[in-house]
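Read the structure below first, then the notes.
What's counted below: heavy atoms across the whole structure, side chains too, no hydrogens, waters or symmetry copies. Please read these numbers as outputs of a predicted model, since none were measured by experiment.
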Protein chains: 2
Amino acid sequence: MNIGEIARRAGVSRSTVSYALSGKRPVSDDTRQKIQRVIDELGYRPNASARALANGRTSTLGLVFPPAGTHYTGMQLDFIGSVVEAAAAYDYDVLLSPSGADSDRSFQRLLGERRVDGAILMEIRLQDDRIDHLVAENFPAVCIGRTAQPDGDWWVGLDHTALAAACVDHLADLGHRRIALVNRPERMLRAGYESAHRGLDGFTKAAAERGLTARTYNCGDDAPSGHVCVEQILRDDPATTALVTLNEAALGGIYRGLAAAGRHVPRDFSVTGVVAGRWAETVTPQLTAADVPAEQMGHLAVELLVERLDHPEAAPRHHLLTPPISLRASTGPAHTHPDAGPGSNA
Amino acid sequence: MNIGEIARRAGVSRSTVSYALSGKRPVSDDTRQKIQRVIDELGYRPNASARALANGRTSTLGLVFPPAGTHYTGMQLDFIGSVVEAAAAYDYDVLLSPSGADSDRSFQRLLGERRVDGAILMEIRLQDDRIDHLVAENFPAVCIGRTAQPDGDWWVGLDHTALAAACVDHLADLGHRRIALVNRPERMLRAGYESAHRGLDGFTKAAAERGLTARTYNCGDDAPSGHVCVEQILRDDPATTALVTLNEAALGGIYRGLAAAGRHVPRDFSVTGVVAGRWAETVTPQLTAADVPAEQMGHLAVELLVERLDHPEAAPRHHLLTPPISLRASTGPAHTHPDAGPGSNA
DNA sequence: TTGAAAGCGATACCAT
DNA sequence: ATGGTATCGCTTTCAA
């Protein structure tokens with residue numbers, strides 16, 4: 001059933017039905033009602049493909065994120081959920097594209113075949129060929145995260161440098177002198193992931209400024225890797241009394257590794273980091289952390305994208321967020337653990 | 001740029017370009033190469049809307065799941081990830097629809113406007129108006145979960161009855177005599193969520209068969225509710241020594257509540273349940289649980305849907321899964337806790 | 001092996 | 001206030 005059928009049954013022309021639906025031209029109350037009655041009766045809905053072809057808009061947003069090589073982190077998943085929800089409020093549907101690279105089939109389909117009106121990108125790298133591509137085509141996109149040169153882009157990002165530094169300061173204030181960073185996997189660092197890079201920067205500089213002894217580690221995005229990483233940290237320097245994690249997926253393993261080594265959190269070891277709030281609250285003890293406001297960021301990204309779609313010539317806008325540290329239960333004053341003596345091995 | 005432009009530049013007709021692309025009609029090597037050269041040069045990709053309009057297929061699957069009223073559970077998110085990944089392997093994109101009810105705008109768009117070729121539904125209710133609607137329209141869909149009368153449907157589901165029973169048996173085998181069930185929120189039970197209903201059934205019957213004292217609780221889908229729920233359980237019957245949870249999101253709070261009450265897991269309290277495997281491994285101690293194979297289920301659902309799309313007349317198929325209990329670290333032999341004496345209050 | 005032209009189902013311009 | 005019709009970009013039948 002199509003618009004022609006409706007027109008025929010209502011005894012009007014197709015254009016009149018179209019205008020009655022869109023309201024882009026006045027239609028007499030009489031015919032409007034006649035049309036509406038037929039539509040209700042037949043349960044007619046205009047075909048999205050035909051409409052998209054005719055007016056050049058799909059009413060769909062693309063959400064681009066790397067394929068779940070291993071698994072998604074809670075944070076990534078929170079982004080997805082919030083983007084979908086926000087998009088629905090603007091009557092946009094969301095098309096998911098598991099693409100890490102410019103060359104991915106799904107990414108090409110999204111853009112080249114014009115399946116979406118605009119795109120939101122996650123997991124940004126400092127140099128990101130996907131973004132280069134989008135900019136070159138002047139394709140409306142908004143990034144969750146920012147590249148090394150974000151000035152021409154639309155984005156909503158986190159000040160990872162400041163966040164990691166705030167974690168270090170928090171620990172230093174509590175008297176910790178030997179700390180460690182649990183970063184994302186080395187592969188992500190090499191690929192240029194911005195959070196891993198900027199977080200590392202912030203951690204390193206803040207530790208230097210506060211005169212702390214600091215070591216940095218790369219850790220796989222899963223609990224077992226977190227466990228192994230903690231073992232390594234305590235082996236390298238048993239006097240370590242605190243750590244900062246940028247790696248949410250490893251958190252469970254980090255806690256377990258600490259417990260296995262006989263370090264009680266927060267009595268004789270403090271843990272903090274940059275983690276989505278709701279996941280910080282699932283672990284025991286609850287994590288004191290710079291909460292990533294995933295929900296807010298997803299909403300802002302959609303808001304920016306819709307604005308950009310409505311005003312194609314608008315100047316780039318962005319939001320740089322620096323959420324405060326939420327004090328919970330995983331950090332406390334520094335104490336030296338008995339195992340921390342020289343030559344000992346936890 | 002469109003197919004006409006390509007045709008002009010290659011000096012052939014539009015139909016020849018189309019056939020060169022689809023391979024549905026032989027094209028001489030010579031012209032094929034000529035066309036391909038032009039296409040590469042201009043970076044041409046056929047417009048998805050036009051193609052969908054012409055041949056009636058969108059190459060898009062819909063994924064329907066309830067809006068994140070509160071937040072998504074890890075399990076739901078795992079489904080989303082695995083469905084997207086599996087769909088990509090078949091060159092389908094996935095359109096997300098946050099719809100809990102037949103009447104949701106997004107759901108209507110998906111079906112009525114024919115934005116997708118088929119749909120995958122999550123969070124199935126025993127009576128589900130979305131499914132009734134789909135069946136009535138003979139719209140190709142596959143459910144993750146099953147209704148009370150699933151025989152005519154395509155689905156991949158879990159035997160929640162058996163899973164809950166297996167948890168009870170496991171606890172009974174360890175000598176536990178007084179146990180509790182932490183179910184999903186009452187709102188979900190009232191709405192008819194199949195996992196909550198069938199799980200409750202399985203738990204209740206198995207407990208009766210093994211002659212256990214069992215209580216059942218509804219619990220909000222978040223950590224704080226889990227904490228409160230445990231307090232309630234221990235208040236109602238301090239002699240309780242184990243619980244089964246169908247509520248993944250409450251798990252963190254359950255652990256915390258137990259710790260706060262001075263019950264050590266698994267020494268003097270055992271916890272088990274039905275939870276997605278990777279989340280069972282993030283908590284400490286790791287949860288002994290019937291692991292929901294979310295990834296496998298997502299893949300199977302896509303596989304079934306693709307099959308159904310390719311063979312519109314095929315008879316309904318389904319997969320009923322009963323994953324075994326993975327023994328981890330959260331259950332142990334029953335001991336009576338000192339606080340469990342009559343009149344005491346942990 | 002190839003071309004011409006009729007759809008697919010909407011929108012929107014040009015008439016009346 | 002309404003109708004007729006060209007148009008969006010592709011697929012596919014019919015002819016040659």
Touch class at under 4.0 angstrom, heavy-atom based, for S22(B) against every strand present: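 Nothing, no nucleic acid heavy atom in range.
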
Sugar-phosphate, base or nothing in reach of T31(B), heavy atoms under 4.0 Å: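 Here T31(B) touches the backbone only, sparing every base.
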
N-O pairing of D91(B) and R109(A) below 4.0 Å: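 Judged by the 4.0 Å cut-off on N to carboxylate O distance, D91(B) and R109(A) do form a salt bridge.
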
Electrostatic pair R146(B)-D153(B), nearest N-O below 4.0 angstrom: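 No.
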
Can you tell me how far [atom2] of [N] sits from [atom1] of [X], to the nearest Å?
X      : N       : atom1 : atom2 : result
K24(A) : dT11(C) : NZ    : C1'   : 8 Å
L53(B) : dT11(C) : CG    : P     : 12 Å
I3(A)  : dC8(C)  : CD1   : P     : 14 Å
I35(B) : dG3(C)  : CD1   : C1'   : 12 Å
Y19(A) : dA12(C) : OH    : P     : 7 Å
R57(B) : dC8(C)  : CZ    : C1'   : 15 Å
N2(A)  : dC8(C)  : CG    : P     : 8 Å
R45(A) : dA10(C) : CZ    : C1'   : 14 Å

Residue mapping more 5' on DNA chain C - nearest nucleotide basis, P46(A) or R25(B):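 Closer to the 5' end of DNA chain C: R25(B).
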
DNA chain C: 5'-proximal contact among V27(B) and A50(B) (nearest heavy atom):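 First, find each residue's nearest nucleotide; the 5'-ward one identifies V27(B).
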
Nearest-nucleotide 5' precedence on DNA chain D, P26(A) against S49(B):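 The residue mapped nearer the 5' terminus is P26(A).
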
Outermost DNA chain D nucleotides near chain B [under 4.0 Å, heavy atoms]: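 Going 5' to 3' along DNA chain D, contacts run dG9(D) to dC14(D).
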
Mutual orientation of the aromatic rings belonging to H318(A) and W155(A) [parallel < 30°, tilted 30-60°, perpendicular > 60°]: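 Taking W155(A) first and then H318(A), their aromatic rings lie parallel (interplane angle under 30°).
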
Min side-chain heavy-atom separation L134(B)-L121(B) under 4.5 Å: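 Yes. Closest side-chain heavy atoms under 4.5 Å.
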
hbond_proxy R51(B) side chain to dG9(C) base (donor-acceptor, 3.5 Å cutoff):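 Check fails, no donor-acceptor contact within cut-off.
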
Verify whether one side chain among [X] and [Y] offers a donor that lies under 3.5 Å from an acceptor in the other.
X       : Y      : answer
D93(A)  : T60(A) : no
T16(B)  : S13(B) : yes
D117(A) : T58(A) : yes

side-chain N/O S28(B) vs dT2(C) OP1/OP2, d < 4.0 Å: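 Answer is yes, contact under 4.0 Å.
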
Minimum-distance nucleotide to R14(B) side chain [options: dA6(C), dG3(C), dG9(C)]: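 Output: dA6(C).
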
